[in-house]
Amino acid sequence: MPFTLATWNINSVRLREPIVLKLLQEEAPDVLCLQECKSPVDKIPTEGFAALGYTHMVANGQKGYNGVMILSRLPIVDAGRHDFANLGHARHVAARLENGVTIHNHYVPAGGDKPDREVNEKFGQKLDYLTDMRDDFHANRPERSILVGDLNIAPREDDVWDHKKLLKVVSHTPIEVEALAEVQESGNWVDVTRANIPEGKLYSWWSYRARDWDVADKGRRLDHVWATTDIAASGHSSRVVRHVRGWEKPSDHAPIFATFDL
DNA sequence: ATGGCGAATCGCATTCGA
């Protein structure tokens, strides 16, 4: 049975409940993974989602910051969460579906302004988070798994609007790109989005501050869909639903979709 | 450099995102 999955940094699930409902109605993914919900779990609005058939949810929340959730119209048979790098943040939640696929939803720390852990603690936290992910996958190789989320790194030259200009900007520095590659290798993860869309510029985030985001198009691909090698070849039809960035009171991220025939 | 915005919080300004 094929199923379609989407990942979206929502930047407040309470403020943007209307456009979450709109995405569910218009694009109808089976599973929607959200990041930056910025809400305690008990304050996440669920009734509207349930009314559209999304009656299954797992969430890891905290007040005001971070927060991730997986919303599904397919049953969730097991759930988990882990505090990577022991930051005390709600940045990961996992769900297993009846088909045995485990979905990991991550919100990797943004990392602050300066790409130097000696002067910027947040950059150190970002690297520590990635190291912990890497070691975790190395110790326990995932199978039949999908990893999605806002990984806050644009790894390829064509994942950013200007590679040279962003080499020293957090999200595209060589040290981050290398750290992300180590995470990917340690878990046998395939970048499904780029397996399906191998050529050309591709972005999922455009700054709020840039006027005329669509025309200027100074974006970055910070959001990702990965799958373990045993199921990656079943992934297809990846797409960024770019026009969502232009909706009323938008998130600064657009959702990414992929379909898996499993 | 995008960073000229936007969200959350015990705001009446500050922190955070990227």
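Residue numbers start from 1 in every chain, and the chains themselves are labelled A, B, ... in the order their sequence lines are given, proteins ahead of strands.
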Take atom C1' in B/dG4 and the same atom in B/dA18, then report the distance between them in whole Å. 16 Å
Hey, mind stepping through A/Gln35 and A/Asn105 against side-chain hydrogen bond (donor to acceptor under 3.5 Å, both in side chains) and telling me if it holds? CA-CA 8 Å; A/Gln35 304 87 33; A/Asn105 180 15; 2.7 Å; yes
Please measure how far the C1' atom in B/dG17 lies from the corresponding atom in B/dG3, and state the result in whole Å. 10 Å
Under the salt bridge (Lys or Arg N to Asp or Glu O under 4.0 Å) criterion, do A/Arg194 and A/Asp158 qualify, and how do the steps go? CA-CA 11 Å; A/Arg194 276 307 193 180; A/Asp158 53 5; 3.2 Å; yes
Residues in ring-ring contact (aromatic ring centres under 6.0 Å, His included) contact with A/His106, at least two apart in sequence or another chain: A/Phe84, A/His92, A/Tyr129
Distance-only donor-acceptor check, side chains A/Asn196 and A/Ser238, under 3.5 Å: yes
Using a 3.5 Å limit on both distances, find every run of at least three consecutive Watson-Crick or G-U pairs that involves DNA chain B. B:5-9 with B:13-17
Under a side-chain separation threshold of 4.5 Å, the hydrophobic residues clustered together with A/Val215 are none
Suppose clustering is done on Ile, Leu, Val, Met, Phe, Trp and Tyr with side-chain heavy atoms closer than 4.5 Å. Which residues sit in the same group as A/Val77? none
On the ring face of A/Trp213, is A/Lys218 found with NZ or CZ under 6.0 Å from the centre and within 45° of the axis? no
Return the residues of residues 123-134 of chain A meeting this criterion: a heavy atom under 4.0 Å from some atom of DNA chain B. Order them by number, or give none. none
Pick the P atom in B/dC16 and in B/dC10, then give their distance to the nearest Å. 14 Å
Under 3.5 Å, is there a donor-acceptor pair linking the side chains of A/Tyr203 and A/Asp223? no
Distance (rounded to the nearest 0.5 Å) between A/Asp159 CG and A/His172 NE2: 8.0 Å
If you assign A/Lys165 and A/Arg211 each to the DNA chain B nucleotide with the nearest heavy atom, which residue ends up on the more 5' nucleotide? A/Lys165
Could you check whether A/Asn66 and A/Lys38, counting side-chain N and O atoms only, form a donor-acceptor pair closer than 3.5 Å? no
Geometric cation-pi criterion A/Arg239 and A/Phe257, 6.0 Å radius, 45° cone: yes
Nearest-angstrom distance, P atom, B/dC5 to B/dG11: 22 Å
Which nucleotides of nucleotides 8-18 of chain B have their base under 4.0 Å from a protein heavy atom (B), which only their sugar-phosphate (S), and which neither (-), written as one string 5' to 3'? SSS-----SBB
